[in-house]
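Chain letters run A, B, ... following the sequence lines, proteins first, then strands; residues in each count from 1.
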Amino acid sequence: MRASRFFLNTQKEAPQEAELISHRLMLRAGLIKRLGSGLYTWMPLGLRVLRKVEAIVREEMNNAGALELLMPAVQPKELWEETGRWAVFGPQMLKIKDRHDRDFCFGPTHEEVITDLARREIKSYKQLPLNFYQVQTKFRDEIRPRFGVMRAREFLMKDAYSFHTDLTSLEQTYETMYQAYSNVFTRLGLKFRAVRADTGAIGGDGSHEFHVLADSGEDALAYCPTSDYAANVELAEGLPTVSVRPAATEAMHEVETPKQTTCEQVAALLGIDVTRTVKSIALVANGKFYLLLLRGDHSLNEIKVGKIDGLQDFRFASEEEIRTHLNCPPGFIGPVAVSQNVIIVADKTVAVMSDFVCGANKPKYHLAGVNFGRDLPEALVVADIRNVVTGDPSPDGKGTLELCRGIEVGHIFQLRTKYAQAMEATYLDENGQKQIMEMGCYGIGVSRIVGAAIEQGNDERGIIFPASMAPFQVAIAPIGFDKSEEVKAEALHLYKQLQELGVDVLLDDRGERPGVMFAEMELMGIPHRVVIGERGLKESTVEYQGRTDASAQTVGLKDIVSKLQSVL
RNA sequence: CGGGGCGUAGCGCAGCCUGGUAGCGUACUUGCAUGGGGUGCAAGGGGUCGCAAGUUCAAAUCUUGCCGUCCCGACCA
C-alpha cells in the first residue's frame, strides 16, 4: 500500500472522550471513529487489523472442524419467547418492530436461531456431532458502554454452537474448542490465561473464559502458580487457611467503639489484626432477613451468594430493616443474641474462627472474644460467599492463589440441554427413539481483541501490535521521496520486492519529513521499519529498526530483503 | 438506573464568574525556506458557541427545561 493512496489520519491529541490507553491510541492512530455511544466505524487502517484477527479465528475454527455459516442479525421475538429469554435479556436487547408491528430484536447472541436451525435440519444421530460458527455483528444495549471497542454496543463476535448425541461427545468438542482457542490467542501473540468461569446469563454447566492479561482488565482472576488451577474470582473457591477451628481462649466481652463502624477502624482501635474481626452484612430475600458473616478483610461475592438456596433474589437490607431486625444501626451489628428470624450465613473462613471481634448490636459497642457454639449458635448455613484473596489455599490443594486482572476475550460453555430442551431440538437415535441434543457454545470477542491487544502492547510512542495483527508488517520511510530520484527508485524497488514476496508493506511516498513518518508509523504500531535516505545510499546501505528496538541498525541495500525475511 | 464531569472550528482548549467585535494551539489550503524525530516564516479557509424557551436594548456568557457524551458502581465477547 502506498501511503499517498491510503487514508491515514493520525492525531497528536486524543479526543477527551477516551480515558483508557488502548481507546486513546485507537482514536489517535485513526483505527476507529465514534458515531455514537458504543458505536464505532472501523476505518481502513483499523479494519485491516480486525480482518487479520478474524482470519486467524476462522483458520483455527476450520481446523477444529467447525463449519462457517451466517445467521440473520435480526431475529423474531417468538424464538426468544420459547426459551423465556425475551424477558430475561430485557433492556439489554435492542428490540425493534417491522411495518406490520411485529417484534424483532437485533441479535445479542444466537442460541435461539441456531437451535431452531438444528431442530429443523438435524434428524439423525448419524449427522452428529456438528459444530457451526459465524463471525457476525452483535448488538447489546449495554448499561454503560465504555473503553471504545472493548465494551461497545455493536461489536464483532465469532460464535460457535455444537450439537451432540451425548455428554461424552460434547466434552470432546469442548476440549477441541479449548485447544482451538488457545491456538488463536497464542497465534495472535497475546499473553492470556484460560480460567474456570461462571456461566452467567447464557446458562449451562462447564465453562471457561479466556482472558488477555492486563492491569486495566475488568475481571479479577485467581490462579495457582504451582499448579494449573485458574478461575475467575467470581467463581474461585475461597477456602479457610486452617481446617479446624482453634479452641476458645478468651471470654466474650464488650469493647467501647464510639466512632468505629468498620472492621479496619475497630481493629486499629483494639490494636489487633483485621483478620481477627468479622463483619456482618444484612440482606433480604423472599421477605426473610439474612446476616452474612465475613472476615473483616474479605469482600462479599454476590454471585456466590445468589447461588445459595433462598438467596437467589437477594438485595441489601435498608437501614430501617436493619434497625427493625437487630435493634441497632448499621456499623455495630453482629450475629450474637439475635432473634430467631435472623438467618445467619457464615463464610467458610468465619466458621473456623475463634475469639473474634464483631458488632454488639448495641450502638458504639463491639464484642471481642466471641466464639461459635458458646456465645452464639453454630451458623445455620456455612458457605463460600467471599472473593478469594492472594495467599488463599488453591482449591486443588497444590499451593496458594495469586490474583491478576484480565480482559475477557473468549468464553466456552457446555450448555447441555438447556436450549435443546426448551425448543425441542431432538434427533432419532439408533433405536429410532427421540432424544434431546446436547449443546455447547463458544464465543470470541473479535473486535474486543483489538482493544485488548493494544492494552497489552503500547508505549509512550503508541501501539505495539503483535506481528500477527499489525495493519502492515513493514513500513518503508524514504527520506526525500519527492526530491531524490535515487531514494525514490530504491524505495519503489524494495516496495515491489516485498510485495512480490507477499509482505504487507506500507510505502510512505508522501514526501513527508522523517519525523512525521516515524511518529506515525510508531503510533500505528507497525512492527518493522526501513529507512532509505541519500546518506545511506552513498554507502549502499539502508536502516532497519524494529518497533521495540532502542536504535536502528545499518543494513546493506542488497541484504535488506533477507534481513526482513529473517524477522518477519 | 444512582453519583460526578463535560458540550465553543476536525482534534485539544481559553473566553462564561462581572452580558456588548468569537479567540489560541494543532490539523487543513497556498507560497517561500528547510530536509534524519510531529521543521520554520508568512498568508488564507473553516464555528447555527449541543437544542429549545425565557430574562434583556443586547446572551457563548444569566435562568429553566431537554439532548448528547465521558468517568465511578450493577451487566458481558
Side-chain angles (χ1 to χ4, degrees), chain A residues 9-20 23-24 27-28 30 33-39 53 57 88-93 108-110 135-160 181 184 197-202 207 209-212 217-219 232 234 302-303 306 315-316 406-413 441-452 461-462 477-484 487 511-523 529 531-536 542-543 545 551-552:
Chain A
N9 69 331
T10 61
Q11 289 178 310
K12 289 183 184 174
E13 287 172 296
Q16 48 95 354
E17 74 197 39
E19 192 79 7
L20 202 68
H23 188 192
R24 296 176 68 86
L27 289 167
R28 278 192 58 207
K33 297 285 171 187
R34 188 182 64 81
L35 176 64
S37 178
L39 303 173
V53 175
V57 171
V88 172
F89 250 83
Q92 198 181 338
M93 193 150 61
T109 178
H110 279 69
V135 178
Q136 200 215 30
T137 298
K138 299 280 192 271
F139 191 96
R140 294 184 189 175
D141 202 352
E142 295 281 350
I143 298 163
R144 183 153 88 82
R146 58 184 142 170
F147 306 149
V149 300
M150 293 239 272
R151 182 178 294 281
R153 291 196 292 177
E154 189 176 308
F155 61 100
L156 193 65
M157 179 173 173
K158 185 286 300 177
D159 46 328
Y181 273 42
V184 166
D198 188 67
T199 51
I202 307 285
S207 168
E209 290 169 351
F210 288 77
H211 287 261
V212 167
E218 292 188 86
D219 284 278
N232 194 306
E234 290 177 351
E302 298 181 28
I303 290 173
R315 61 175 173 79
F316 289 97
I407 300 162
E408 185 186 355
V409 289
H411 202 159
I412 59 179
F413 301 85
C441 82
Y442 319 89
I444 289 183
V446 177
S447 46
R448 177 179 283 184
I449 284 174
V450 178
R461 292 178 170 181
I479 294 167
F481 186 87
D482 56 341
K483 294 285 162 56
S484 163
V487 165
E512 280 290 353
R513 300 174 62 86
V516 174
M517 293 192 287
F518 298 165
E520 290 194 331
M521 289 167 179
E522 283 162 348
L523 178 58
R529 180 176 84 202
V531 179
I532 301 177
E534 279 188 324
R535 215 167 62 188
V542 296
E543 277 173 27
Q545 185 169 358
S551 61

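Nucleotide B:G2 is matched to B:C72 when pairs are restricted to Watson-Crick or G-U wobble geometry with both distances under 3.5 angstrom. With a 3.5 Å ceiling on both atom-pair distances, B:U21 lacks any Watson-Crick or G-U wobble partner. Base pairing annotation: B:U48 forms no Watson-Crick or G-U wobble pair, as no partner gives both donor-acceptor distances under 3.5 Å. B:G31 and B:C41 make up a base pair, with Watson-Crick or G-U wobble contacts both under 3.5 Å. Figure legend. B:C62 is base-paired to B:G54; pairs are counted as Watson-Crick or G-U wobble with both atom distances under 3.5 Å.
B:G19 and B:A59 are spaced 13 Å apart, taking the P atom of each and rounding to whole Å. For B:C28 and B:G10, the C1' atoms lie 9 Å apart once the distance is rounded to whole Å. To the nearest whole angstrom, the two P atoms, one in B:C57 and one in B:G40, are 50 Å apart. Spacing of C1' atoms, B:U26 relative to B:G46, comes out at 14 Å, to the nearest Å. If you take atom C1' in B:C6 and the same atom in B:C11, they sit 16 Å apart, rounded to whole Å.
Rounded to an integer number of Å, the gap from CE of A:M157 to P of B:C76 is 12 Å. B:A74 atom P lies 11 Å from atom CZ of A:R151, rounded to whole Å. Distance A:I303 CD1 to B:G73 P: 15 Å, rounded to the nearest Å. One atom, CZ of A:F481, and another, P of B:G36, lie 18 Å apart when rounded to the nearest Å. Rounded to whole angstrom, the span from the CD1 atom of A:I444 across to the P atom of B:A77 amounts to 12 Å. The interatomic distance linking A:L27 (CG) with B:A27 (P) rounds to 19 Å, in whole Å. A:D159 places its CG atom 11 Å from the P atom of B:A77, with the value rounded to the nearest Å. Taking atom CG of A:D219 as the reference point, atom P of B:C75 lies 11 Å away to the nearest angstrom.
Checking B:C71, B:A77, B:G12 against every side-chain atom of A:E13, the shortest atom distance belongs to B:G12. Comparing B:G37, B:C76, B:C71 against the side chain of A:E19 picks out B:C71 as the nearest.
Heavy atoms of A:A452 sit nowhere under 4.0 angstrom from any nucleic acid atom. Within 4.0 Å (heavy atoms only), A:E522 reaches at least one base atom of the nucleic acid. Within 4.0 Å of A:R153, counting heavy atoms only, lies no atom of the nucleic acid at all. Among the heavy atoms of the strands, none lies under 4.0 Å from A:G480. Among the protein residues, A:A477 comes within range of no part of the nucleic acid, since none of its heavy atoms lies under 4.0 Å from any strand. The residue A:G148 sits apart from the nucleic acid: no heavy atom pair falls under 4.0 Å. At a threshold of 4.0 angstrom between heavy atoms, the contacts of A:V446 with the nucleic acid are absent.
Two residues are said to be in side-chain contact when any heavy atoms from C-beta on lie closer than 4.5 Å; A:R448 and A:I407 meet this criterion.
A:R151 is linked by a salt bridge (Lys or Arg N to Asp or Glu O under 4.0 Å) to A:E142, A:E218, counting only residues two or more places apart in sequence or in another chain. Partners of A:E302 according to the side-chain contact (heavy atoms from CB on, under 4.5 Å) rule, which considers only residues two or more places apart in sequence or in another chain, are A:L300, A:F314, A:F316. Evaluation of the ring pair (Phe, Tyr, Trp, His ring centres under 6.0 Å) rule for A:H110 yields no partner, not counting sequence neighbours. A:R461 is linked by a side chain to side chain donor-acceptor pair (under 3.5 Å) to A:E522, counting only residues two or more places apart in sequence or in another chain. Checked against salt bridge (Lys or Arg N to Asp or Glu O under 4.0 Å), A:R24 has no partners two or more places apart in sequence or in another chain. Not counting sequence neighbours, A:F155 has no partner by the ring pair (Phe, Tyr, Trp, His ring centres under 6.0 Å) test. Partners of A:R28 under the salt bridge (Lys or Arg N to Asp or Glu O under 4.0 Å) rule, at least two apart in sequence or in another chain, do not exist in this structure. Annotation: salt bridge (Lys or Arg N to Asp or Glu O under 4.0 Å) contacts of A:E209 (sequence neighbours excluded): none. In terms of the side-chain contact (heavy atoms from CB on, under 4.5 Å) criterion, residue partners of A:R144 (sequence neighbours excluded) are, by chain and number, A:R146.
Between A:G406 and A:H211, the shortest heavy-atom contact is C-ND1, 3.5 Å. Considering every non-hydrogen atom in both A:D219 and A:E234, the closest pair reads OD1-OE2, 4.1 Å.
Between the CD1 atom in A:I444 and the CD1 atom in A:I412 there is a gap of 9.5 Å [rounded to 0.5 Å]. Rounding to the nearest 0.5 Å gives a distance of 10.5 Å between CD1 of A:I532 and CD of A:E543.
With RNA chain B read from its 5' end, the first of the two nearest nucleotides for A:F155 and A:I479 is the one closest to A:I479. For A:E209 and A:A552, each mapped to the nucleotide of RNA chain B holding its nearest heavy atom, the one lying further toward the 5' end belongs to A:A552.
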Considering only nitrogen or oxygen atoms on both sides, find all protein atoms under 3.5 Å from nucleotides 1-7 of chain B and state each distance.
none

Short N/O separations, protein against nucleotides 38-48 of chain B, under 3.5 angstrom:
| from | atom 1 | to | atom 2 | distance (Å) |
| --- | --- | --- | --- | --- |
| B:G38 | O2' | A:K12 | NZ | 2.4 |
| B:G38 | O6 | A:R28 | NH2 | 3.4 |
| B:G38 | N1 | A:T10 | OG1 | 3.4 |
| B:G38 | N2 | A:T10 | OG1 | 3.4 |
| B:G38 | N2 | A:E520 | OE2 | 2.9 |
| B:U39 | N1 | A:R513 | NE | 3.4 |

Which atom pairs link the protein and nucleotides 49-52 of chain B when you take only N or O atoms and keep those under 3.5 Å?
none

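Checking A:Q92 against A:R140 by side-chain atom types alone, no donor-acceptor pair falls below 3.5 Å.
Taking side-chain N and O atoms only, A:R146 has a distance below 4.0 Å to OP1 or OP2 of B:C72. Between A:S37 and the phosphate of B:C70, there is a side-chain N or O to OP1/OP2 separation shorter than 4.0 Å.
Not a single donor-acceptor contact under 3.5 angstrom links the side-chain atoms of A:R140 to the base of B:C76.
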